[in-house]
Amino acid sequence: MSDLIDTRTPLELSHLPAQFVGREAEQDTLTDAFGVEGESRLQNFHVYGPRGTGKTHLLQRFLTTFPPTFTTCYLSGIHQNTQYKSLERLYHLLTGTTLGTGHHVADIQRKVEEQVTLPTVIVVDEVDFLLLNDGDDLLYYLTRLENTAVITVSANRRSLEEPLDERTYSSFHPQHLTLNEYTANAARQILADRARKALQPQSLQRAALTYITATTQNISIGITWLREAAETADDRITRDLVQNVEVTAYHEFVKSLLNEFTTHHRRLYNTIARLEQERGPLLTTGTVYSEYSKRCETAGVAPLSERRISDFLTHLELLDLIEATYYRGGRKGKTREIKLVDWNSRSDSEETS
DNA sequence: ATTCCACAGGAATACTCGGATA
DNA sequence: TATCCGAGTATTCCTGTGGAAT
């Protein structure tokens with residue numbers, strides 16, 4: 001146990017710091033659009049930004065700025081990955097009562113509709129997971145609800161025009177907000193601020209901090225890394241120490257991401273990681289699946305079907321843990337070529353379209 | 001011009017579970 | 001209590017893909 005750490009909380013990913021660095025402009029954009037201070041208007045938004053750029057924190061914080069004359073609701077498409085689950089949670093928020101399973105969606109829709117009396121702002125974070133799993137029915141319903149604003153959040157799509165039904169998109173019709181990656185300076189401030197609150201004074205070397213912010217632009221990785229270093233350190237967090245825990249820290253980060261998913265997701269990821277070590281990158285779906293199957297046998301677990309694992313691979317892609325190039329035909333057949341994401345190649349990843 | 005690779009990914013189906021209704 | 005219904009999860013089934021190899 002490290003005695004460097006006074007309070008661990010500021011080093012946790014879920015911690016919402018009182019002071020919010022680097023996203024003031026984006027915060028203002030939202031506040032101005034909604035006119036929270038004066039006459040308020042409800043607006044739909046789509047917020048895009050790579051992983052670890054503060055989207056979730058920005059919106060969670062934004063929701064807290066509404067007065068009690070509003071209802072606000074935060075959903076994550078990772079957990080609320082069906083219309084049913086989303087509506088259930090929404091209903092729970094509105095009434096405090098839990099419905100449980102076994103009802104009809106149309107019934108819950110009606111119940112929710114009855115309960116939405118105050119202007120309501122609903123954030124659908126990680127919207128890609130919901131769309132992949134259950135289509136856009138929820139968004140269609142929500143955007144047609146009176147007196148309601150919907151804010152979708154994605155780390156993968158700048159716009160939802162393509163994945164949404166035309167009728168859904170036309171009633172959604174969002175304004176767009178993009179979060180760019182933190183500047184090194186902002187990242188440094190964020191980490192330094194958390195270190196100051198969590199650690200003994202003077203325990204974090206400047207060079208250590210610099211190394212982190214120069215290596216990754218994902219602030220979640222940065223925070224995990226800082227915490228890992230703090231937990232390992234005896235007296236000071238040095239640059240060397242930070243380098244030493246680099247790999248472990250990334251594993252910790254992956255673990256925390258995959259914690260929200262199933263053991264099969266984790267097994268699948270580990271399979272890919274090991275295959276890549278053994279045979280190098282660029283594996284095809286087939287090899288990954290058969291190796292995953294083997295691992296299941298070894299562990300005495302029934303493997304999931306190829307079809308299902310195909311979807312789980314897409315999940316890993318959405319999480320930015322793996323990268324896949326799709327072959328839609330050709331001598332390689334129709335497949336995906338898979339490799340782990342090179343997370344610490346800080347620099348050019350701007351040519352996406 | 002064909003053939004072929006090797007799955008992607010849509011649709012139908014099976015199975016389980018909780019609530020509702022008679 | 002029996003039975004039915006719909007939601008969720010996972011499987012089964014199947015068609016389509018398109019350039020390189022023949």
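Every heavy atom of this structure was used, including side-chain atoms; hydrogens, water molecules and symmetry mates were not. In the text below, chain A, chain B and the rest are named by the order of the sequence lines, each starting its count at 1.
In this model, the phosphate group of C/dG8 is approached by a side-chain N or O of A/T82 to a distance below 4.0 Å at OP1 or OP2. Applying the 4.0 Å criterion to OP1 and OP2 of B/dA8, one finds that A/S310 has a side-chain N or O inside that range. In this structure, A/H104 does not reach the C/dA7 phosphate: none of its side-chain N or O atoms is under 4.0 Å from OP1 or OP2.
Between A/D107 and A/K111, none of the side-chain N atoms (NZ, or NE/NH1/NH2) sits under 4.0 Å from a carboxylate O, so this pair counts as no salt bridge. A salt bridge links A/K294 with A/E291: the closest approach of a Lys/Arg side-chain nitrogen to an acidic carboxylate oxygen falls below 4.0 angstrom. Using a cut-off of 4.0 Å between Lys/Arg side-chain N and Asp/Glu carboxylate O, A/E252 and A/K255 are scored as salt-bridged. Residues A/R51 and A/E126 are paired through a salt bridge, judged by an N-O separation under 4.0 Å between the basic side chain and the carboxylate.
Distance NZ (A/K85) to P (C/dG6): 20 Å, rounded to an integer number of Å. Here the C1' atom of nucleotide B/dG9 and the CG atom of A/D311 are 8 Å apart, to the nearest Å. Look at CG on A/L131: it is 16 Å from C1' on B/dG9, rounded to the nearest Å. As rounded to whole Å, 12 Å separates atom C1' of B/dA6 from atom NZ of A/K332. Rounded to a whole Å, the CD1 atom of A/I338 is 12 Å from the C1' atom of B/dA8. Look at CG on A/D134: it is 14 Å from P on C/dA10, rounded to the nearest Å. Rounded to a whole Å, the CD1 atom of A/I309 is 15 Å from the C1' atom of B/dG9. Distance CD1 (A/I108) to C1' (C/dA7): 9 Å, rounded to an integer number of Å.
Results of the side chain to side chain contact (heavy atoms under 4.5 Å, CB included) test with A/S203 over A/D6, A/D235, A/L4 single out A/L4 as the only residue that passes. For the pairing with A/Y250, the side chain to side chain contact (heavy atoms under 4.5 Å, CB included) check across A/T248, A/V254, A/V247 returns one residue only, A/V254.
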Could you write out each protein N or O paired with an N or O of nucleotides 20-22 of chain C at a distance under 3.5 Å?
| unit_1 | atom_1 | unit_2 | atom_2 | d |
| --- | --- | --- | --- | --- |
| C/dA21 | O4' | A/R331 | NE | 3.1 |

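Nearest to the side chain of A/Y84, among C/dA7, B/dC7, C/dT12, sits C/dA7. Minimum atom distance to the side chain of A/T335 is reached by B/dA6, of the listed B/dA6, C/dG8, C/dT17. Of the candidate nucleotides B/dA8, C/dA7, C/dT12, C/dT12 has the atom lying nearest to any side-chain atom of A/S305. In the set C/dT12, B/dC7, C/dT9, the nucleotide with an atom closest to the side chain of A/T285 is B/dC7. The side chain of A/R308 has C/dT11 as its nearest neighbour among C/dT11, B/dG19, C/dA7. Looking at the side chain of A/T101, the nearest of the listed nucleotides C/dT9, B/dG18, C/dT11 is B/dG18. Taking the side chain of A/L304 as heavy atoms from C-beta on, and the options C/dG18, C/dA10, C/dG16, the nearest nucleotide is C/dA10. Residue A/R307 has its side chain nearest to B/dG10 when only C/dT9, B/dG10, B/dG19 are considered.
Between A/F62 and A/F66, the ring-plane angle classifies as perpendicular under the 30° and 60° cut-offs.
A/Y289 comes within 4.0 angstrom of nothing in the nucleic acid, heavy atoms only. Looking at heavy-atom distances under 4.0 Å, A/G286 makes contact with sugar-phosphate atoms alone, never a base.
Screening residues 117-156 of chain A for ring pair (Phe, Tyr, Trp, His ring centres under 6.0 Å) gives A/F129-A/F261, A/F129-A/H315 as the qualifying pairs, with residues at least two apart or on separate chains.
Along DNA chain B, the nucleotide closest to A/R336 and the one closest to A/G329 are compared, and the more 5′ of them pairs with A/G329.
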